[in-house]
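Take a look at the structure set out below.
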Amino acid sequence: MSVKYIFITGGVVSGLGKGITAASLGRLLKDRGYKVTVQKFDPYINVDSGTMNPYQHGEVFVTNDGAETDLDLGHYERFIDEDLYGHSNITTGKLYWNVIKKERNGDYLGATVQVIPHITDEIKNSVYKAARAGDNSIIITEIGGTVGDIESQPFLEAIRQIGIENAGDVIYIHVTLIPVVPGSLELKSKPTQHSVKELLSVGIQPTIVVCRSDYPISRAMVEKISLFCNVTPQDVIENLTANLIYEVPYMLEASGLAKRVCEHLNLQQKPLNSAMWERMLCKIKKADKHVTIAIVGKYVQLLDAYISVVESLYHGGIDNYAKVDIKYINSETVTDKNCGDVLYGCGGVLVPGGFGDRGINGKFQAIKYCRENGVPCFGICLGMQVMVVEYFRNVLGLKDANSGEFNKNAKHKVIDIMENQKNTHKKGGTMRLGAYPCKLEAKSRCKAIYSEDVVYERHRHRYEFNNKYREYLKNSGLSVAGSSLDGSLVEIVEIPKHRWFVGVQFHPEFKSRPNKPHPLFVDFVRAAVEYENANF
């Protein structure tokens, strides 16, 4: 079977859920037995997401091979349950970077380098590379931004060309908004008509129009959109706002999206095998427990900054038949005096990753409160490093203990950049990015949680536990539960006698899936449920 290409564009406004649509379609096609991968083209000029402000762009999602990518790749992985890679997220900056390097190397033999064909060829090569990367039979590519944006024009031209080069194997899905007029609650299709007209102006006729709406779309409106947008009524797909994003695949299935995709691409209409996904949804509906978990971070004003962490907590709740409510706490507002009041009623506290020293004292106080009061506490990346600093200061008596990130002149830098590790990191100088192995200590809590000897987890950090201070941990109450294979890097710390107190250098949230929750999140939520039931 020839490779099939599905391109998803968006119109009217951004933030319509193109990523969820792409991920949901991927799930439906995978449940029909097809090998699917998803990629994202982002029109911004940044080379990748690594240096972007979380307030503007949300979290940075990291793949196994160490690529710092758009958060939509997290949705893709969680829905289709497949690992994605660096070629799955391409930005305008990365494209121009590659083209300029080729021009400097003489690859274009002195030709005038232009948007067409050189930039568009680079875009097409990225699509074809994804097709060659494995035995994928279907490539779903989301084009970021909104049709009509000047930044998106090269991408639209490139996918138009791919349609010509692969006639019969390409379809275009256009996601638009059906707004409602306040007061009258009348749905309007005019923005969709204009958006499709904009797409037609660059030579792309959408195959399917997916209409995002808060209210059901009437048959009359479907026929009107069909007429004005030059698609059949069956290719106007209703996409209602869902209470739970994991229900979206089967809402789109009920609207006939996957069926129409298979028909347009001449794919066999295989039966849908959704038993595993349905079991997961059934667990959610049967949840008979409740727990509140606090996320103490400094980017809480934009919830997308912690989206993988939040989704992973929900996943942990699914396996425990528990509904997880998230309490977002700005770490800059937490002090030693108000910490107990701020965290009151929470069954567990999670301190997520980040960079810089802003808000560190609040994280420090939250961790101290949890350690002293037996509250389940989960430290991720920077959260783990603050756990270590707090323990050395308040339990081991090194009052000047600190991280080299917070104070380069600190007397006791128990967290610091390890000089002998600089050349072992995949990219970014001292940044450790992507999947690395972690060997679990035989009698540790985490070994019991994972039920594995060695696990591979994704990293995104510069600073490590300083091995000069490792001797301090012997018989101290805080133990090393996981380390690199050669033992040179501390990966996990825990307090075995605490109800649940674990810090990890890596980001387990990047590997959690709704149908395969990460074991650390499952056990953390379990402990949080037990604590909340016992204390509130």
Side-chain angles (χ1 to χ4, degrees), residues 331 336 351-357 359-372 377-425 429-432 436-447 455 457 459-498 500-508 520:
S331 60
D336 58 337
V351 181
F355 294 91
D357 61 357
I360 286 300
N361 183 62
K363 296 182 179 185
F364 184 93
Q365 297 300 336
I367 288 169
K368 179 175 180 287
Y369 180 86
C370 291
R371 179 181 58 78
E372 293 179 341
C377 188
F378 194 0
I380 294 176
C381 196
L382 182 64
M384 173 267 199
Q385 295 167 11
V386 178
M387 278 181 163
V388 170
V389 171
E390 189 279 328
Y391 201 85
F392 270 83
R393 286 184 188 177
N394 294 325
V395 179
L396 301 183
L398 292 183
K399 297 301 181 183
D400 294 326
N402 215 328
S403 166
E405 183 176 8
F406 312 147
N407 183 356
K408 294 181 180 180
N409 299 315
K411 181 178 179 181
H412 296 292
K413 289 187 283 188
V414 296
I415 301 293
D416 203 6
I417 293 177
M418 298 288 94
E419 293 295 323
N420 63 333
Q421 293 299 327
K422 287 183 178 179
N423 295 327
T424 68
H425 297 168
T430 56
M431 181 82 84
R432 214 162 30 125
Y436 286 85
C438 170
K439 183 178 180 181
L440 300 167
E441 294 297 322
K443 296 182 181 181
S444 66
R445 179 197 299 271
C446 287
K447 172 68 166 59
V455 294
E457 295 284 2
H459 295 66
R460 185 178 181 249
H461 61 92
R462 287 188 178 88
Y463 290 81
E464 309 279 357
F465 181 94
N466 190 339
N467 285 323
K468 295 178 183 178
Y469 294 89
R470 204 154 173 174
E471 285 293 320
Y472 283 77
L473 295 186
K474 288 187 176 179
N475 303 315
S476 73
L478 180 72
S479 62
V480 175
S483 57
S484 57
L485 292 183
D486 63 2
S488 65
L489 295 173
V490 173
E491 293 278 16
I492 308 174
V493 296
E494 63 179 41
I495 299 179
K497 293 184 179 180
H498 192 280
W500 209 97
F501 193 93
V502 175
V504 297
Q505 273 280 46
F506 45 81
H507 289 267
L520 287 176

Verdict with supporting geometry, Arg462 and Glu405, side chain to side chain contact (heavy atoms under 4.5 Å, CB included) = CA-CA 9 Å; Arg462 287 188 178 88; Glu405 183 176 8; over 6 Å; no
Between OH on residue Tyr472 and CZ on residue Phe392, distance to nearest 0.5 Å = 7.5 Å
ask   = Are Glu491 and Arg432 within salt-bridge range, i.e. N to O under 4.0 Å?
value = yes
ask   = When rounded to the nearest 0.5 angstrom, what is the spacing between CZ in Arg470 and OG in Ser488?
value = 8.0 Å
message = Quick check on side chain to side chain contact (heavy atoms under 4.5 Å, CB included): which of Val351, Ile415, Ile360 does Leu382 satisfy it with?
response = Ile360
key: Whether over 12 other heavy atoms sit under 6.0 Å from Lys439 NZ   = no
query = What closest approach, in Å, do Val389 and Ala401 show between heavy atoms, and which atom pair accounts for it?
reply = CG1-O, 3.6 Å
task = State, yes or no, whether a side-chain contact exists between Val504 and Phe378 at a heavy-atom distance under 4.5 Å.
result = yes
task = Taking His412 for its side chain and Tyr469 for its backbone only, find out whether a donor-acceptor pair lies under 3.5 Å.
result = no
task = Would you confirm whether Gln385, through its side chain, and Ser403, through its main-chain N or O, come within 3.5 Å as a donor-acceptor pair?
result = no
ask   = Can you tell if the side chain of Pro496 reaches within under 4.5 Å of the side chain of Ser479, non-hydrogen atoms only?
value = yes
query = Say you draw a straight line from CG of Leu489 to CG of Leu485; how long is it, rounded to the nearest 0.5 Å?
reply = 10.5 Å
note = Note: Met384 and Gln505 closest approach over all heavy atoms is CE-CG, 3.7 Å
inquiry  = Keeping Lys413 on the side-chain end and Lys408 on the backbone end, is there a donor-acceptor pair under 3.5 Å?
reply    = yes
request  = Please lay out, stage by stage, how Ile495 and Tyr391 fare under the test side chain to side chain contact (heavy atoms under 4.5 Å, CB included).
outcome  = CA-CA 10 Å; Ile495 299 179; Tyr391 201 85; 3.8 Å; yes
key: Exercise: do Glu390 and Gln365 side chains pair donor with acceptor under 3.5 Å   = no
ask   = What's the shortest heavy-atom distance between Gly359 and Ser331, and which atoms?
value = O-OG, 3.1 Å
ask   = When Leu473 is tested against each of Leu478, Val414, Val490 for side chain to side chain contact (heavy atoms under 4.5 Å, CB included), which residue passes?
value = Leu478
query = Where is the tightest heavy-atom contact between Ile380 and Phe506, given as atom of each residue plus distance?
reply = CG2-O, 3.4 Å
task = Please round to the nearest 0.5 Å and tell me the distance separating atom CG of Asn467 and atom CG of Asp416.
result = 11.0 Å
inquiry  = For a quick test of reading the model, state the closest non-hydrogen atom pair linking Ala410 to Asn402 and the distance between them.
reply    = CB-CB, 3.7 Å
Steps toward side chain to side chain contact (heavy atoms under 4.5 Å, CB included) verdict (Leu440, Ile492) = CA-CA 8 Å; Leu440 300 167; Ile492 308 174; 3.6 Å; yes
key: Euclidean distance, Ser483 OG relative to Glu441 CD, rounded to 0.5 Å   = 5.5 Å
ask   = Side chains of Asp357 and Asn407: closer than 4.5 Å at any heavy-atom pair?
value = no
inquiry  = In the structure I gave you, are the side-chain heavy atoms of Val395 and Ser476 within less than 4.5 Å of one another anywhere?
reply    = no
task = Verify side chain to side chain contact (heavy atoms under 4.5 Å, CB included) between Arg445 and Phe501, making sure each step is shown before the conclusion.
result = CA-CA 10 Å; Arg445 179 197 299 271; Phe501 193 93; over 6 Å; no
Least distance between heavy atoms, Ala481 atom then Glu494 atom = CB-OE1, 3.4 Å
inquiry  = Would you compute the distance between atom NZ of Lys411 and atom NZ of Lys399 and round it to the nearest 0.5 angstrom?
reply    = 13.5 Å
